[in-house]
Amino acid sequence: MKPRRFTAPGPLRGRIRVPGDKSISHRSIMLGALAVGETRISGLLEGEDVLSTAAAMRAMGASVERLGEGSWRIHGVGVGALLQPGHALDMGNSGTSTRLLMGLLASHPITACFVGDASLSKRPMGRVTEPLSRMGAEFTTSPGGRLPLMMRGAAPSVPIEYRLPVASAQVKSAVLLAGLNTAGTTTVIEPVPTRDHSERMLRGFGAELEVEELNGERVIRIRGEAELTPQVIEVPGDPSSAAFFIVAALVIPGSELIIENVGLNPTRAGLIEVLRAMGGSIEDLNAREVGGEPVADLLVKHSALKGITVDPAVAPSMIDEFPILFVAAALAEGRTVTTGLEELRVKESDRLSVMAAALTGAGARVTETEDGLIIEGTGGEPLRGSANSRTKTQLDHRIAMSMAVAGLASRDGVEVDDTRPIATSFPMFEVLLDGLAG
Ligand code: S3P
């Protein structure tokens, strides 16, 4: 455990750059490892989750090398040519590595054992083992369909048409990645759109992938036995990491911050829309395209936020940002109501109950419901904070960073019980924060 107390720093002013997008970083390594030849990546997120993906792809035969900060070179083996790993694949804390790699392996003649940390070992894997079993893969899971698990990929695998029962980009991506080495067309139907990085990047690497809107659903078809062409990729900044600094600047009086290089893919930008609707001053500067994704620098100024009823339809486009939205809501004027957030209970922690307890411990007024939180804000006054107790973050990086921001906007500060998990997605978080506060 590495506890730390976060206290009011005074206004946040200046300019920061957020690290590379986690979702895009994982996919860059996976697809690079399947393309014969040299893929170059710049701006890769060097968080522990992405390093778990890199280690797994090396264990299956790809050459994955770090050339310098964020700069990586991959020599891929070709679709269908991944090798049997010589040891268990340790996924650490990373649900994305686990679920996407299970998809990749499902159509390779490989037997693999997946293990992970205490948080990952509690998370449901049935959502991927179910469609991948239909494609022919075999799984022996721990009770409840969890890690550790053994899988045997199918060769040949069978194409399926799969309608997603949960709005999950990880499940969608697992099936599409399995479809890469499956003869014929694999189809995923998304009733509710989720982040579309897999579709964009598979196309970018030369896979035949089509997306069609049919009766209000997204139908995604991928042609199997694909050949991928190596790419030069620039990873845009992660909006999910920017989120902590956006909210910090909005809630700390006197703040004015420029956050550079923030990815604004519409399937990821829900938080910014919701914060603007709450009265947050967030301006896009220098809008441009990086790596095929819309990006801008954001100018964020301290604002008087108002509570809001959040439309559950935006949830998939800000699914990782609810913990930090709850912090913004705790400091807004009036009531914020969120619903339709059952998925938050199966993230790195149960983010509804963990955030309800953490914010209550810091003096916020929070009611937990089955599928959301109802929060009565302070109207801009600092939270009380907690002089004597420690916030339990349950190995969840986003809870740790959210409660750090709550601490910055509190009278007595907030002590986070363990800051180590922050390194899974944002290793430089504390350095950036301390640089601004200093
Ligand atoms: C991710 C999808 C989301 C998100 C996760 C990253 C991805 O998970 O929470 O941090 O890269 O596809 P779900 O697909 O389970 O919603």
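Numbering of residues begins at 1 and proceeds along the displayed sequence. From a predicted model like this one, the values you see are computed outputs, not experimental measurements.
- At least one donor-acceptor pair closer than 3.5 Å links the side chain of Thr419 to the backbone N or O of Lys2.
- Atom CD of Glu260 sits in a crowded spot, with more than 12 heavy atoms from other residues, nucleotides or ligands closer than 6.0 Å.
- Asp417 and Thr393 share a donor-acceptor pair across their side chains, judged by distance under 3.5 Å alone.
- Nearest heavy-atom pair, Arg223 versus Ala226, reported as atom, atom and distance to 0.1 Å: O-CB, 4.0 Å.
- Look at Asp21 and Arg268 and you find a salt bridge, because one of the NZ, NE, NH1 or NH2 atoms lies within 4.0 Å of a carboxylate O, short of that distance.
- Under the 4.5 Å side-chain criterion, counting only non-hydrogen atoms from C-beta, Leu34 is not in contact with Phe205.
- In this model, no donor atom of one side chain and acceptor atom of the other lie less than 3.5 Å apart for Ser23 and His197.
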(message) With side chain to side chain contact (heavy atoms under 4.5 Å, CB included) as the criterion, how do Ile282 and Leu250 come out once you've worked through the C-alpha distance, each side chain's angles and the decisive distance to 0.1 Å?
(response) CA-CA 9 Å; Ile282 307 170; Leu250 287 176; 4.3 Å; yes

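- A distance of 11.0 Å separates CZ in Arg146 from CZ in Arg123, rounded to the nearest 0.5 Å.
- Taking the side chain as every heavy atom from C-beta outward, Gln231 and Met201 never approach each other to under 4.5 Å.
- When only modelled atom types and interatomic distance are considered, Thr96 and Gln170 share a side-chain donor-acceptor pair under 3.5 Å.
- The SG atom of Cys113 sits 5.5 Å away from atom CE of Met150, with the distance rounded to the nearest 0.5 Å.
- Taking OG1 from Thr98 and CG from Leu120, the interatomic distance works out to 4.0 Å, rounded to the nearest 0.5 Å.
- Under a 4.0 Å N-O distance rule, the pair Arg276/Glu273 qualifies as a salt bridge.
- A side-chain donor-acceptor contact under 3.5 Å links Arg200 to the backbone of Gly292.
- Ionic pairing of Asp396 and Lys347 is not present here: no N-O contact between side-chain nitrogen and carboxylate oxygen is shorter than 4.0 angstrom.
- When side chains are defined from C-beta on, Val166 counts as touching Glu343, because their heavy atoms get closer than 4.5 Å.
- Of the possible donor and acceptor atoms, none in the side chain of Asn265 sits under 3.5 Å from a partner among the backbone N and O of Glu293.
- Without hydrogens or angle criteria, Thr187 side chain to Arg221 main chain gives no donor-acceptor distance under 3.5 Å.
- The backbone N or O of Ile308 sits less than 3.5 Å from a side-chain atom of Thr336, completing a donor-acceptor pair.
- Under the 4.5 Å side-chain criterion, counting only non-hydrogen atoms from C-beta, Met60 is not in contact with Leu104.
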(message) Assess the residue pair Glu415 and Arg4 against the criterion (side chain to side chain contact (heavy atoms under 4.5 Å, CB included)); give the C-alpha distance rounded to whole Å, side-chain angles, the decisive distance to 0.1 Å, and a yes or no.
(response) CA-CA 5 Å; Glu415 184 159 322; Arg4 174 169 170 187; over 6 Å; no

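- Side-chain atoms of Thr338 come within 3.5 Å of backbone atoms of Leu373 as a donor-acceptor pair (strictly under, hydrogens ignored).
- At least one donor-acceptor pair under 3.5 Å links the side chain of Arg203 to the backbone N or O of Leu209.
- Within a 6.0 Å sphere centred on CD of Glu161, other residues, nucleotides and ligands contribute 12 heavy atoms or fewer.
- Separation of atoms CZ (Arg40) and OG (Ser28) is listed at 14.0 Å; rounding is to 0.5 Å.
- Using a 4.5 Å heavy-atom cutoff, the side chains of Phe244 and Arg398 are in contact.
- For the residue pair Thr194 / Lys172, a side-chain donor-acceptor distance below 3.5 Å is found, with atom types taken as modelled.
- Within 6.0 Å of CD on Glu210 lie no more than 12 heavy atoms contributed by other residues, nucleotides or ligands.
- The shortest distance between side-chain heavy atoms of Arg351 and Asp320 falls below 4.5 Å.
- Summarising the local packing, CD of Glu208 is surrounded by 12 or fewer heavy atoms from other residues, nucleotides or ligands at distances under 6.0 Å.
- Taking all atoms of both residues into account, the shortest heavy-atom contact from Gly145 to Thr141 is CA-OG1, 3.3 Å.
- Residue Thr53 forms a side chain to side chain donor-acceptor pair (under 3.5 Å) with just one option from Ser94, Ser97, Ser25, and that option is Ser97.
- Exactly one of Thr391, Ile399, Leu344 qualifies for a side-chain contact (heavy atoms from CB on, under 4.5 Å) with Val354. That residue is Ile399.
- The heavy-atom pair separating Leu275 from Leu305 by the smallest distance is O-CD2, 4.3 Å.
- The two residues Phe245 and Leu257 have their closest heavy-atom pair at O-CD2, 3.9 Å.
- When atom types are taken as modelled, the side chain of Gln394 and the backbone of Ser119 share no donor-acceptor pair closer than 3.5 angstrom.
- Only one option out of Asn261, Val18, Ile272 pairs with Leu298 in a side-chain contact (heavy atoms from CB on, under 4.5 Å); it is Ile272.
- Under the 4.5 Å side-chain criterion, counting only non-hydrogen atoms from C-beta, Met102 is in contact with Phe139.
- No donor-acceptor pair under 3.5 Å is formed between the side chain of Thr182 and the backbone N or O of Pro159.
- The aromatic rings of Phe322 and Phe326 sit tilted relative to each other, their planes meeting at an angle between 30° and 60°.
- Contact record, Leu132 with Ala178: CD2-CB, 3.8 Å, taken as the closest heavy-atom pair.
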(message) Would Leu147 and Met125 count as a side chain to side chain contact (heavy atoms under 4.5 Å, CB included) here? Give the steps.
(response) CA-CA 8 Å; Leu147 299 194; Met125 295 299 152; 4.2 Å; yes

(request) List the steps, then state whether side chain to side chain contact (heavy atoms under 4.5 Å, CB included) holds for Leu202 with Leu180. (result) CA-CA 9 Å; Leu202 280 162; Leu180 264 183; 3.9 Å; yes

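- Remark: Leu299 CG to Arg15 CZ distance equals 9.5 Å, nearest 0.5 Å.
- Between Arg288 and Asp297 there is a salt bridge, since at least one side-chain N of the basic residue sits less than 4.0 Å from a carboxylate O of the acidic one.
- Side chain of Glu46 to backbone of Gly70: a donor-acceptor contact under 3.5 angstrom is found.
- Residue Arg152 qualifies as open at atom CZ: its count of foreign heavy atoms under 6.0 Å is 12 or below.
- A 6.0 Å sphere centred on CD of Glu69 holds no more than 12 heavy atoms belonging to other residues, nucleotides or ligands.
- In this structure the side chain of Ile24 reaches within 4.5 angstrom of the side chain of Pro236, judged on heavy atoms.
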(request) Decide side chain to side chain donor-acceptor pair (under 3.5 Å) for Ser173 and Arg27; before the verdict, give the C-alpha distance in whole Å, the side-chain angles of both, and the deciding distance to 0.1 Å. (result) CA-CA 10 Å; Ser173 303; Arg27 288 158 173 82; 3.2 Å; yes

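- Taking the charged nitrogens against the carboxylate oxygens, Asp418 and Arg390 have no contact shorter than 4.0 Å, which rules out a salt bridge.
- When all heavy atoms of Leu82 and Ile110 are compared, the closest pair comes out as O-CD1, 3.5 Å.
- To the nearest 0.5 Å, atom OG1 of residue Thr185 and atom CD1 of residue Ile220 are 13.5 Å apart.
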